[in-house]
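Sequential numbering from 1 along the given sequence is applied to the chain's residues. As the structure is a prediction and not an experimental result, all values here were calculated from the model.
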Amino acid sequence: MTGWYQVCKGLVVALALSIGVAATAAPVSETLMYAGDVEAALKEARREAEADPADIAAQERLIDILLTLGLDDRAVDLYRKRVQASPTDPNAHYLLGRALPDARGARESYEKALKFEPTHARSHMGMGAIHTAHGDFDAAIDAYSRATRFDGSLAEAWLGLSRAHLAKDDVAGALDVSRKAMEAAPNDPDAYLTVAVLDPANARQVLEQAAKLASGDPRVHASLAEVRLAENDAKGAIAAADAALAIDPTEPAALKAKLFARSIASGALDLDGYRRLIAARENGGDFDALVARYPKSAVVLAGRSQARLQTGDVAGATADLEKAVAIDPDEAEICAAYGLVLLQQKRADDAIPWLAKAVAARQWDGSLGIAFGRALTAAGRHDEAITAMAALSSHRRFDSDVAIAHADALLAAGRAEEAYQVVLGAAERRMDDKLVIALMAVATQTGRYAEAADIVEQIAIATKDPKARDLAARLRAKAQ
């Protein structure tokens with residue numbers, strides 16, 4: 001069960017934002033997910049799914065966003081009701097199979113769908129995912145091939161077919177499949193991305209085509225930025241990275257490419273230095289020689305700082321970052337690194353301005369926002385810490401770490417009752433192991449065992465979440 005769930009849920013999460021790309025205009029829920037507004041994306045996905053129950057792509061988006069947020073039970077409950085209402089509808093059985101976390105149940109649902117409609121492409125696609133998770137790649141290839149034969153527009157099926165070939169070390173087969181996908185589903189970003197990786201000699205041409213036909217996917221622009229950077233086109237890399245970040249400000253490849261491209265464009269680094277720096281970061285290398293050769297490159301100094309931190313040389317790492325921010329005081333990643341290393345040394349007052357600057361540029365970064373809140377708390381600036389964490393919580397309502405950090409800021413200010421409400425609200429949205437521990441802690445500080453037990457029991461009934469049920473029992477025992 002676990003293997004199926006991890007493999008297939010990972011595939012679903014990876015595809016959650018590419019479903020529906022073939023449409024001329026991206027669905028609003030997809031745009032919101034790319035922008036990092038998960039709660040708004042979920043609300044919009046629900047609206048889209050309810051507005052047109054026959055729109056299977058909309059139902060898939062809702063399922064995938066629910067799974068991405070860890071709200072698996074809600075997805076299963078929703079689509080089990082659809083099966084109960086339409087027991088002979090193959091789409092209903094397929095959607096339930098997509099939502100189910102266990103391989104056996106998912107397989108049964110797909111097989112029921114195929115019993116009612118043997119050419120149901122999406123159910124063959126689902127079977128392909130199950131075979132892949134079980135390591136039966138020949139069967140996966142058969143299932144995915146049927147899916148693409150019955151519906152050539154299914155981007156997810158083409159991607160699964162390509163991955164199954166790669167799992168068998170059949171690079172030529174995967175490349176052939178991906179090229180066919182480019183023709184059958186020309187708005188599918190994954191086909192171009194796969195071809196670009198498997199045929200690097202033609203990567204730039206393929207990705208520039210993708211940037212026109214699948215322009216709504218940030219990965220396309222981020223990959224193009226990396227290719228342009230490798231060809232010493234720093235300005236082109238920055239432009240492509242900016243296009244990716246305009247869609248998804250969190251896109252890691254775009255952030256990295258832009259960081260290096262800016263250093264090259266400024267003249268502080270060159271292509272050879274970039275390659276040497278990447279090699280040193282990945283495999284270890286002589287950072288001292290790199291710093292000597294490129295003394296005005298903030299990214300080189302930041303690279304040595306990271307290496308020094310790994311060896312425990314905190315003083316050396318701090319000195320490198322101090323020089324780096326003097327060279328480039330507006331680079332968010334370097335400001336963040338400097339602020340974090342200062343906070344690590346309990347220099348909260350010194351860390352705050354650098355973390356504040358980084359947070360202003362990367363408001364989507366939950367871990368950075370948490371560090372900023374903790375620095376403010378450590379400096380005794382409790383009201384500012386609470387304000388910062390409340391703002392972060394409003395954007396990341398399903399992030400348990402953010403909710404707990406918000407509660408910690410309130411507890412540090414002696415506002416235990418408000419901390420209790422914050423954690424309770426987070427648990428109502430999504431229960432997980434971290435929130436179980438946090439809710440027990442704040443209930444202990446406020447003495448609200450019985451009330452917390454009542455509320456958590458309602459959560460357990462509504463979500464059928466065993467964690468919520470167990471926590472309610474523990475809280476009830478403490479209340480007694």
Side-chain angles (χ1 to χ4, degrees), residues 3-5 7-12 14-16 18-22 54-61 63-64 79 82-83 86-100 102-195 198:
W4 144 256
Y5 187 52
V7 171
C8 291
K9 185 172 180 179
L11 180 60
V12 163
L15 290 162
S18 62
I19 292 171
V21 170
D55 185 346
I56 304 306
Q59 311 306 318
E60 289 173 327
R61 283 195 302 277
I63 291 170
D64 295 348
Y79 289 94
R82 181 165 176 152
V83 167
S86 304
T88 61
D89 179 9
N91 285 329
H93 288 284
Y94 158 71
L95 291 168
L96 176 59
R98 191 179 185 94
L100 285 166
D102 64 287
R104 179 178 296 178
R107 181 170 191 148
E108 288 176 357
S109 290
Y110 295 142
E111 288 175 341
K112 286 179 182 178
L114 292 169
K115 177 182 177 181
F116 293 116
E117 186 181 322
T119 60
H120 195 265
R122 280 178 159 88
S123 292
H124 284 294
M125 179 176 71
M127 291 298 296
I130 290 176
H131 294 315
T132 298
H134 288 158
D136 189 348
F137 302 114
D138 289 327
I141 288 171
D142 288 342
Y144 281 128
S145 295
R146 284 192 290 274
T148 58
R149 188 166 64 251
F150 294 137
D151 185 351
S153 70
L154 281 181
E156 182 177 339
W158 285 111
L159 179 60
L161 181 56
S162 175
R163 287 181 173 178
H165 278 285
L166 286 174
K168 290 169 58 72
D169 293 324
D170 180 10
V171 175
L175 186 56
D176 180 61
V177 164
S178 298
R179 284 178 173 149
K180 289 177 179 177
M182 286 169 58
E183 296 179 6
N187 301 108
D188 168 27
D190 289 296
Y192 298 98
L193 291 167
T194 303
V195 171
L198 299 181

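Atom CG of D89 is separated from atom CD of E117 by 9.0 Å, given to the nearest 0.5 angstrom. Atom CG of D176 and atom CG of L161 lie 9.5 Å apart (nearest 0.5 Å).
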- Worked check of side-chain contact (heavy atoms from CB on, under 4.5 Å) between K180 and T148: CA-CA 10 Å; K180 289 177 179 177; T148 58; over 6 Å; no
- Message: Apply side-chain contact (heavy atoms from CB on, under 4.5 Å) to residues R122 and L95 and explain how you reach the verdict.
- Response: CA-CA 9 Å; R122 280 178 159 88; L95 291 168; over 6 Å; no
- Task: With salt bridge (charged side-chain N to carboxylate O under 4.0 Å, His left out) as the test, would you mind laying out the steps for R146 and D142 before giving the verdict?
- Result: CA-CA 6 Å; R146 284 192 290 274; D142 288 342; 5.2 Å; no
- Applying side-chain contact (heavy atoms from CB on, under 4.5 Å), run through T132 and R163 and close with a yes or a no. CA-CA 9 Å; T132 298; R163 287 181 173 178; over 6 Å; no
- Message: Evaluate Y94 against E60 for side-chain contact (heavy atoms from CB on, under 4.5 Å), listing each step before the verdict.
- Response: CA-CA 10 Å; Y94 158 71; E60 289 173 327; 2.5 Å; yes
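Under 3.5 Å, the side chains of D136 and H131 contain no donor-acceptor pair of N or O atoms. A side-chain donor from one of H120 and N91 sits under 3.5 Å from a side-chain acceptor of the other.
The two residues S178 and T194 make their nearest non-hydrogen contact at OG-CG2, 3.2 Å. Minimum heavy-atom separation, S109 to L100: OG-CD1, 3.6 Å. The nearest pair of heavy atoms linking M182 to V195 is SD-CG2, 3.6 Å. Of all heavy-atom pairs spanning S162 and V177, the tightest one is N-CG1, 3.9 Å. Here the closest heavy-atom approach between residue L159 and residue D190 is recorded as CD2-CG, 3.8 Å. Considering all non-hydrogen atoms of both residues, A147 and M125 come closest at CB-N, 3.8 Å.
S153 places none of its side-chain heavy atoms less than 4.5 Å from the side chain of W158. For the pair T119 and R149, the minimum side-chain heavy-atom distance is 4.5 Å or more. Using a 4.5 Å heavy-atom cutoff, the side chains of Y110 and R98 are in contact. Using a 4.5 Å cut-off on side-chain heavy atoms (C-beta onward), R82 and L96 make no contact.
Y144 contributes a side-chain N or O that, together with a main-chain N or O of A129, makes up a donor-acceptor pair within less than 3.5 Å. Without hydrogens or angle criteria, H124 side chain to P118 main chain gives a donor-acceptor distance under 3.5 Å.
Taking the six-membered ring where tryptophan is involved, the planes of F116 and H93 are essentially parallel, since the angle between them stays under 30° and well short of 60°.
Looking at residues two or more places apart in sequence or on another chain, you find a side chain to side chain donor-acceptor pair (under 3.5 Å) between E111 and R107.
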